[in-house]
Structures are given as C-alpha cells and as structure tokens.
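Just so we're on the same page: letters track the sequence lines, and every chain starts at 1.
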Number of protein chains: 2
Amino acid sequence: MTTIEQSAEAPAVSAGSDAFDAPKRRVGRPRKNVLSRQLIIETGLTLIDEHGVEGAGMRSVAKRLGVRPSALYNHVSGQAELIAGVRELVSDRIPTEAFDHLPWDEALTEWAKVYRRAFVAHPSTIALLAVVPIEGAGATTLMYDRVVDALVRAGWDTSKVLVAIVALESFILGSALDAAAPDDMMKPSDDSAAVAFAEAYRARESALGARETRPADASFELGLRAMVAGLKAEFDASR
Amino acid sequence: MTTIEQSAEAPAVSAGSDAFDAPKRRVGRPRKNVLSRQLIIETGLTLIDEHGVEGAGMRSVAKRLGVRPSALYNHVSGQAELIAGVRELVSDRIPTEAFDHLPWDEALTEWAKVYRRAFVAHPSTIALLAVVPIEGAGATTLMYDRVVDALVRAGWDTSKVLVAIVALESFILGSALDAAAPDDMMKPSDDSAAVAFAEAYRARESALGARETRPADASFELGLRAMVAGLKAEFDASR
DNA sequence: GAGTTAAATGAACAATGTTCTTTTAACCAT
DNA sequence: ATGGTTAAAAGAACATTGTTCATTTAACTC
C-alpha cells in the first residue's frame with residue numbers, strides 16, 4: 001500500500017547476519033514444523049523492539065527464523081496481518097489496575113505511561129490505529145470503560161469525562177509519534193539565524209545528557225504532569 | 001530505511017494514468033526547464049492530499065509531472081528531502097504573531113490552535129511528517145525560534161522551554177490525528193458490557209450536540225486549556 | 001566560440017513484498 | 001499397509017520501490 005522510505009546504499013540492519021537458526025534445511029516439509037502464526041508474530045514484535053519498525057519486514061522475520069520468506073505465507077496472509085497481529089499483541093497488554101488502588105489523577109498518570117509505552121513499539125501503526133474505528137465490543141472499549149468508570153466514581157461529570165480522556169489520549173499518541181522520531185530530529189544547523197532556538201537546544205542537551213534521558217521522554221513526562229494537573233484544576237473548580 | 005507495506009497485486013493509484021504531462025520529451029536538457037524544487041514539493045503535497053501518503057513516492061511524483069524519476073534527483077536529494085519539503089510547506093502557513101502582543105500563555109494557546117488547523121487540512125501527512133527530521137535552517141526552525149524566544153523573554157528556563165514546547169506539539173499533533181477520525185469512531189455497540197462508557201458516550205453526545213461542537217474540537221479545547229494551565233503552574237512554581 | 005555546468009532521458013541495481021512451482025512429509029480414509 | 005489429500009518447507013521468479021550512473025542536449029560563462 002505505502003512505502004515510506006527505502007535506501008539502496010544503507011545495508012541497515014537486515015544485512016547483519018542475525019539469523020539464529022540456519023540448519024540448511026533441505027526442501028520439503030520438515031518432520032517437525034518450524035513455524036506457527038504465533039511464533040511469527042512474536043518474532044515480529046521482538047525484531048521491532050530490537051531494531052525499530054524496519055524489523056517488521058517479512059524478509060527480516062524470515063531471516064531471524066532461519067526460514068525462506070515464502071514459508072511465512074503458509075501461516076500469515078501477508079505483512080498487513082503480521083502488523084495487525086503485533087498491534088493486538090501489544091495493545092492487549094495495557095493494564096488498568098492502577099485505578100483500583102490509586103486516586104484518579106495518579107492512576108491516570110500511570111495509565112498514560114503504560115499506554116504510551118505500548119504504542120512506542122510500533123509507531124507506524126499509530127496513525128492507522130487513531131483513525132480506524134475501534135470495534136465496539138473489543139478489549140479497547142473495555143479499557144475505556146474501566147477508565148471512565150473510575151473517573152466518574154471519583155466525581156467527574158459524566159458529560160465531560162470522555163472529552164478529558166480523549167484529550168489525554170491525543171497527547172499520548174502524539175508523544176508516541178514523537179518518541180518514534182530520531183533524537184536529533186530538530187538539530188539546528190550551525191549557521192542558523194535561529195539563535196534562541198539553538199541556545200535552547202544546547203541547554204536541553206546538556207540538561208538531559210547529564211541524566212541520560214531521551215528528549216521525547218522528558219517532554220512526555222513534563223506534558224503529562226502539566227495536563228493531569230490542569231485537568232485536576234478543572235475538576236476542582238467544577239464542584 | 002523502512003518500508004511499511006507494498007502490494008504486488010493492487011495497482012492502487014499509480015497504475016491509473018493520471019499523468020498530466022507526457023509530451024514524449026526527447027533525451028537531453030530541454031530548452032525550458034520542466035522541473036524545480038518547488039514544483040516537485042508542491043506536487044508531492046497535492047498527491048498526498050489526493051491519494052494519502054502513498055502519493056508521496058518518487059515515481060508517483062515523477063509520473064504526475066510527466067518526467068522520469070531520475071530527473072527529480074537534479075532538484076531534490078531524495079525522498080527524505082521531498083517529505084521534509086512538504087512539511088515546510090504546510091508548517092510555513094502557521095503564523096506566530098500572537099507572541100508579539102499577548103502574554104506567553106495566551107499566545108501559546110493561539111499558536112496551538114492555528115498549528116493544529118494547519119495539519120488538520122492535510123490529515124494524512126501528520127504521521128509522515130511528525131517522524132521526519134526537520135531541516136536545520138527551514139521555516140519550521142524559524143517558527144520554533146519565535147516561540148522559544150517569546151517564552152524565554154517571559155522568564156522560562158532555557159533548558160526547559162524546548163521540552164515544554166515539544167510536549168505541547170505532541171498534544172497538537174495527536175489532536176490533529178483525532179480530528180481526522182470520524183466523529184462516531186468509538187460508538188459503543190448496544191449490547192456492550194461497557195455500561196459506564198456507553199453512558200458517558202451518550203452524555204457527551206447530548207452535551208455537545210446542543211452546541212454543535214465536534215467531539216474532537218471539544219477535547220482539543222479542554223486539553224489545551226489544561227496543558228497550558230499546567231505549564232503555567234509549573235512555570236510559576238519554578239521562580 | 002570553447003569549456004563547464006545543468007537538466008533531462010534511459011538503463012541499470014538493490015531491496016522489498018508477494019506468488020507460483022516443486023519437493024517432502026504429515027494426516028487420513030479404506 | 002497403502003494410496004490420496006493436505007500442509008509446510010525451499011527455491012525461483014515478478015512487480016514495485018528508491019536510487020545511481022552514463023549519456024545526451026542545452027544553458028551559462030569567460
């Protein structure tokens with residue numbers, strides 16, 4: 001459907017021989033099956049964790065499994081199904097237990113953190129996920145229900161709670177996108193006329209470098225703190 | 001670097017002959033130049049608006065311009081620069097005058113609104129543009145410079161200002177994605193066990209329906225108010 | 001006007017996702 | 001057990017993508 005980028009010169013990751021399994025299998029069906037749908041999808045997730053989105057290629061997964069690319073198609077219809085499988089694998093792991101034993105604002109903070117972490121693993125699907133209708137009876141709806149319920153119990157106005165949750169979710173998804181970008185994404189050129197920006201860039205670099213924090217993480221933490229505090233103020237004012 | 005998807009069977013868009021210009025040009029430099037960097041980038045934006053992100057391919061742009069793909073490389077270093085150029089084109093139209101005559105928090109609010117509006121006009125660019133490095137001397141950098149400068153003058157810590165701006169930007173981009181989704185995106189199914197969620201959904205519907213407000217707009221406004229208030233609190237506390 | 005530079009074509013190359021054929025083994029009915 | 005069907009692997013292609021290189025032609029420059 002869509003190709004984002006592809007470099008002919010950079011061998012990138014897949015050139016490295018990180019095939020764990022290469023027993024020179026001869027042609028024909030093996031006595032014991034080598035692949036399964038689950039194994040393929042889990043390998044996809046592993047490779048994404050290791051090498052970023054580019055790890056999710058069919059050929060990369062095949063290489064890691066010590067198998068020819070065409071063998072994957074006996075278990076998976078194509079890359080689309082592979083990615084969808086990975087997405088389910090990850091988004092089913094967003095826990096909501098924080099709402100059981102924490103005040104709503106702290107629980108919301110915890111939830112936002114795990115939510116973002118879950119999606120940073122596969123950033124390229126964020127746009128799709130954010131625009132595609134969620135199935136009305138799926139795990140995602142149940143997750144929302146849990147959050148809505150906790151906030152309403154804490155005193156939130158029923159007509160405002162969804163508005164607030166969606167606002168936080170927008171920040172989470174935007175932050176996940178940001179985390180998918182390279183750290184030096186907006187590095188200023190030396191001759192730039194943007195002196196205030198260049199100064200701020202250097203100041204951030206040295207402030208964060210000392211704590212080994214990624215810029216995207218720092219922004220997420222600050223923004224999350226700010227937004228939850230702002231929501232809390234809005235909440236306190238309206239009662 | 002990365003390919004997301006690519007179908008061998010679906011001819012998709014590029015198969016259709018939407019070449020506007022195919023005068024069978026003979027080899028060699030033409031008397032009048034056919035291409036320019038600006039024309040290429042504007043064509044890229046047009047194709048993205050028409051066909052989604054897949055329109056931004058080098059070969060698609062070349063076909064639309066009635067030109068061989070290799071000709072593009074005389075004006076643009078590659079697809080990365082093309083996409084970066086499209087980004088500049090879009091973000092070029094984001095005004096920053098609010099910082100001239102408003103307090104920093106109000107100006108930030110105005111800026112966020114026009115920023116989001118600019119990207120909502122080209123929804124399918126968001127995911128693409130958010131992840132691509134911005135060129136150090138471009139319009140985007142100058143926009144950042146303007147914002148950084150205003151906030152620093154207002155007393156913001158130089159090492160924190162960029163962190164805050166990126167946080168707000170994440171919220172803006174996430175909200176733009178949300179605005180690109182259909183309004184009924186998370187409509188609960190009638191038989192759903194998610195009763196709290198269904199109740200909140202109905203309550204939001206009637207509250208917003210009275211004012212003819214889109215849910216995405218309501219969430220953006222609430223979130224923006226909350227985040228700016230939170231940043232202001234953070235700002236006041238640190239001085 | 002000669003030499004250099006710039007802008008187009010045309011032909012390749014590497015890498016990707018995918019499909020098709022072939023080979024071998026598992027599974028299953030008789 | 002035996003023959004037929006199905007399943008799972010290899011292997012060889014194909015289409016499409018971004019990109020590079022050589023070639024051709026015209027514009028620009030001294």
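OP1 or OP2 of D:dA8 sits under 4.0 Å from a side-chain N or O of A:N33. At C:dA6, none of the side-chain N or O atoms of B:R29 fall inside 4.0 Å of OP1 or OP2 (strictly under the cut-off). Using a 4.0 Å cut-off, no side-chain N or O of B:H75 falls inside it from OP1 or OP2 of C:dA6.
Both B:M58 and A:A71 sit near DNA chain D, but only A:A71 has its closest nucleotide nearer the 5' end. In terms of position on DNA chain D, the residue among A:S70 and B:G78 whose nearest nucleotide sits closer to the 5' end is A:S70.
As rounded to whole Å, 14 Å separates atom C1' of C:dA7 from atom CG of B:L65. Distance B:I40 CD1 to C:dA8 P: 8 Å, rounded to the nearest Å. Following rounding to the nearest Å, B:R68 (CZ) and D:dT20 (C1') show an atom-to-atom distance of 16 Å. Rounded to whole angstrom, the span from the CG atom of B:N74 across to the C1' atom of D:dA22 amounts to 13 Å. Between the CD atom of B:E54 and the P atom of D:dA15 there is a distance of 21 Å, rounded to whole Å. Atom P of nucleotide D:dT23 and atom CZ of B:R26 are separated by 19 Å, given to the nearest angstrom. The OH atom of A:Y73 sits 4 Å away from the P atom of C:dT18 (whole-angstrom rounding). If you take CD1 of A:I83 and C1' of C:dT16, they are 13 Å apart, rounded to a whole angstrom.
Each of D:dT25, D:dA10, D:dT19 was ranked by its minimum atom distance to the side chain of B:Q79; first place goes to D:dT19. Across C:dT9, D:dT19, D:dA8, the shortest atom-to-atom separation from the side chain of B:P69 is found for D:dT19.
Across all strands, A:R59 comes closer than 4.0 Å to base atoms (heavy-atom distances).
Under 3.5 Å, the side chains of A:Y144 and A:E169 contain a donor-acceptor pair of N or O atoms.
Taking a cutoff of 4.0 Å between a charged side-chain nitrogen and a carboxylate oxygen, B:E97 and B:R146 do not qualify as a salt bridge. Contact check on B:E221 versus B:K113 returns no salt bridge, with no Lys/Arg side-chain nitrogen under 4.0 Å from an Asp/Glu carboxylate oxygen. Of the charged side-chain nitrogens involved, at least one lies within less than 4.0 Å of a carboxylate oxygen, so that B:R116 and B:D217 count as a salt-bridged pair.
Ring geometry for A:Y201 versus A:F197: interplanar angle of 30 to 60°, hence tilted.
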